[in-house]
There are 2 protein chains.
Amino acid sequence: MATFKTRAQYVADDLRERILGGEFKGGSQLRQDALAKDYEVSRIPVREALLTLESEGLVEFHAHRGAFTTELSVAAIRELFDLRVLLETYVLRHAIPNLTAADLDHAASILRQYDAALDSGSQIDNWSDYNFAFHHALYAPSGLPETLAMIGQLNTKSGRYIRMQLVYTREIEKAEVEHRQLLELARQGDVDRTCQLLETHIKDAAEGIAAVLEKSLRSA
Amino acid sequence: MATFKTRAQYVADDLRERILGGEFKGGSQLRQDALAKDYEVSRIPVREALLTLESEGLVEFHAHRGAFTTELSVAAIRELFDLRVLLETYVLRHAIPNLTAADLDHAASILRQYDAALDSGSQIDNWSDYNFAFHHALYAPSGLPETLAMIGQLNTKSGRYIRMQLVYTREIEKAEVEHRQLLELARQGDVDRTCQLLETHIKDAAEGIAAVLEKSLRSA
DNA sequence: GCCATAGGGATTGCATACAATATCCAGATT
DNA sequence: AATCTGGATATTGTATGCAATCCCTATGGC
């Protein structure tokens with residue numbers, strides 16, 4: 001059961017990936033007709049997919065003018081990352097006391113998977129997914145599903161900019177080191193220091209993105 | 001401009017109100033055909049409205065079985081209200097230093113409006129809206145639109161239960177008193193005490209709702 | 001030269017109609 | 001008696017086509 005996926009969901013998933021991957025620059029118009037031909041479906045599932053993406057904050061509808069990819073201001077990016085700090089330290093604080101050996105192993109295995117992928121020189125595109133998977137592995141034992149869902153929303157909404165930064169900078173190695181430190185501190189059960197590291201981990205990423213964005217704004 | 005409202009939006013707004021108002025109990029099936037006849041539109045806008053409500057967490061789609069109103073567990077309610085405390089004290093903390101005389105007047109006028117409505121014995125249904133409007137008035141000067149949007153989501157998602165409590169108890173008067181205290185403390189610029197009051201204000205509501213829910217679960 | 005304004009064209013928003021899927025219940029089987 | 005099977009039925013999911021709305025440009029007035 002539940003293995004059925006509507007065309008609308010398929011289009012939404014693919015389109016989300018394309019937007020996050022930077023195929024559409026901020027403010028691009030997404031015409032229903034063109035997308036429908038692209039995916040060889042009618043405009044109905046395309047429209048529903050766009051509605052879904054709208055609710056995720058990736059596109060905006062302008063009545064009778066269509067959907068446009070959203071463009072976040074530097075201020076909005078900073079705000080979203082400040083929210084991430086707030087919510088993610090919150091769940092982490094609740095998760096650490098519940099971390100089992102299995103949880104820690106799972107998180108560690110994600111890091112190993114990533115290393116393997118890196119060594120084999122595979123694409124950088126889905127680092128973002130690995131990154132989120134690792135964070136999620138640390139947060140899941142919090143037993144706070146609603147909060148995790150909101151954190152997921154925040155990540156989706158800012159996802160395009162996270163990937164942008166990764167293209168322009170070499171922040172991944174630094175993030176990887178920090179991930180290992182996070183895991184080690186969590187293993188020791190040192191709540192305060194883990195959360196503090198997480199805070200700088202997220203804030204550094206935000207500053208990196210802000211710098212990239214401001215540079216690209218100046219050049220435009 | 002932007003004064004145009006699609007049928008889908010109209011249906012979504014009305015249906016949201018009906019769900020929050022308790023017309024549909026948790027877990028009710030919402031058949032597209034019936035709703036379409038109800039609103040004298042085709043199933044397309046109904047479907048889009050249901051998708052919107054799904055993204056707001058008010059309904060759930062079961063593939064080929066239709067949409068059902070969601071039912072929140074007591075744990076989920078508690079979690080949502082804990083999140084509200086976290087996010088709302090956060091924005092309030094940022095808003096208080098920015099509060100202008102006009103902002104305070106605006107908040108005060110909302111309280112007066114509510115009093116007038118109460119005295120004239122009008123319906124209690126939209127107290128929830130007044131409540132949110134007052135809170136929003138205090139938070140808006142924070143200049144944190146993304147955070148405010150998330151707070152709005154949390155309120156929508158738990159809205160049905162907030163109204164449930166108001167029917168069964170007489171919490172409104174207490175809340176009103178606290179609103180005036182909040183306004184006064186904010187006027188004085190006492191950030192810590194205002195946030196502390198806000199915290200208990202929200203937590204008390206959560207406990208009231210949890211009590212009502214648990215009672216109704218036992219009787220069921 | 002600048003602003004208001006009407007008509008053409010492009011695109012969305014929606015209604016109708018059809019296809020696809022899950023559920024339900026009767027009947028057979030063990 | 002309980003479980004499994006299969007077809008009828010109800011309901012969703014999608015395609016097609018049309019109507020409504022907005023943008024754009026050209027034209028006229030000041």
Side-chain angles (χ1 to χ4, degrees), chain A residues 1-19 23-71 156 220, chain B residues 1-19 23-71 156 160:
Chain A
M1 63 167 280
T3 181
F4 181 81
K5 205 170 175 182
T6 65
R7 292 163 159 69
Q9 287 170 328
Y10 177 82
V11 173
D13 289 344
D14 194 83
L15 202 49
R16 182 187 304 109
E17 208 49 43
R18 290 171 75 185
I19 293 173
E23 179 172 341
F24 303 99
K25 303 302 168 193
S28 321
Q29 184 175 14
L30 298 171
R31 265 173 295 148
Q32 299 176 4
D33 217 356
L35 290 172
K37 273 180 191 147
D38 224 5
Y39 288 104
E40 296 182 323
V41 298
S42 82
R43 278 178 29 231
I44 301 285
V46 168
R47 205 179 152 68
E48 292 185 356
L50 290 172
L51 279 170
T52 299
L53 297 179
E54 181 192 31
S55 76
E56 296 173 1
L58 294 180
V59 310
E60 283 174 353
F61 273 74
H62 296 213
H64 286 278
R65 290 189 43 217
F68 296 78
T69 57
T70 54
E71 202 153 21
T156 301
Chain B
M1 60 169 279
T3 182
F4 181 81
K5 204 170 176 182
T6 65
R7 287 160 213 248
Q9 288 169 329
Y10 177 81
V11 173
D13 289 344
D14 193 83
L15 201 49
R16 183 186 303 110
E17 208 50 41
R18 289 170 74 184
I19 293 173
E23 177 172 343
F24 302 100
K25 303 302 169 193
S28 322
Q29 184 176 14
L30 299 171
R31 265 172 299 150
Q32 298 176 5
D33 218 357
L35 291 172
K37 272 179 192 147
D38 225 6
Y39 288 104
E40 297 183 321
V41 298
S42 82
R43 276 178 32 235
I44 302 284
V46 168
R47 205 179 150 69
E48 293 184 356
L50 289 172
L51 280 170
T52 300
L53 297 179
E54 182 192 31
S55 75
E56 295 173 3
L58 294 180
V59 310
E60 283 174 354
F61 273 74
H62 295 213
H64 285 280
R65 292 190 41 218
F68 296 78
T69 57
T70 56
E71 201 152 21
T156 301
R160 183 150 46 108

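Lettering follows sequence order; numbering is per chain, from 1.
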Going by the rule side-chain contact (heavy atoms from CB on, under 4.5 Å), which residues pair with A:Asp13 if we only count those two or more places apart in sequence or in a different chain?
A:Lys5, A:Arg16
d(CG, B:Leu30; P, D:dT11) in whole Å:
13 Å
Against the side chain of A:Arg47, the closest entry in D:dA15, C:dG13, C:dA15 is C:dG13
What nitrogen or oxygen pairs link the protein and nucleotides 16-18 of chain D at under 3.5 Å?
none

Whether the side chain of B:Arg160 engages the backbone of B:Thr70 through a donor-acceptor N/O pair (distance < 3.5 Å, no angle test) should be reported.
yes
Mind checking whether B:Thr69 and B:Lys25 have side chains closer than 4.5 Å, heavy atoms only?
no
Could you state the atom-to-atom distance from CZ of B:Arg7 to P of D:dT21 in whole Å?
8 Å
Salt bridge (charged side-chain N to carboxylate O under 4.0 Å, His left out) partners of residues 39-49 of chain A, not counting sequence neighbours, each pair once:
A:Arg47-B:Glu48, A:Glu48-B:Arg47
Rounded to the nearest angstrom, tell me the gap between atom CZ in A:Arg65 and atom C1' in C:dA10.
13 Å
Closest to side chain of B:Gln32, choosing from C:dA22, C:dC14, D:dG13:
D:dG13
Nucleotide C:dT11, atom P - distance to CG of A:Leu35 in whole Å:
12 Å
So what does B:Leu50 hit on the nucleic acid, given a heavy-atom distance under 4.0 Å: a base, only sugar-phosphate, or nothing?
nothing
Could you state the OH-C1' distance from A:Tyr10 to C:dA20, rounded to the nearest angstrom?
19 Å
Expressed in angstrom and rounded to an integer, what is the separation of A:Glu54 atom CD from C:dG13 atom P?
10 Å
Residue list, ring pair (Phe, Tyr, Trp, His ring centres under 6.0 Å) with B:Tyr39, at least two apart or on another chain
none
Rounding to the nearest 10°, end axes of the helix from C:dG1-D:dC30 to C:dT30-D:dA1 built from five pairs each make an angle of 20°
Hits for ring pair (Phe, Tyr, Trp, His ring centres under 6.0 Å) against A:Phe68, two or more places apart or cross-chain, chain-then-number order -> A:His62
Send over the distance from A:Arg31 CZ to C:dG9 C1', rounded to a whole Å.
13 Å
Non-neighbouring partners of B:Glu71 that pass side-chain contact (heavy atoms from CB on, under 4.5 Å), sequence neighbours left out:
B:Tyr161
Looking at residues at least two apart in the chain, or sitting in another chain, which of them share a side chain to side chain donor-acceptor pair (under 3.5 Å) with B:Glu54?
none
When the distance from CZ of A:Phe61 to P of D:dT21 is rounded to whole Å, what number comes out?
18 Å
Of B:Gln29 and A:Glu48, the one whose closest DNA chain D nucleotide lies more 5':
B:Gln29
Non-neighbouring partners of A:Arg18 that pass salt bridge (charged side-chain N to carboxylate O under 4.0 Å, His left out), sequence neighbours left out:
A:Glu23, A:Asp38
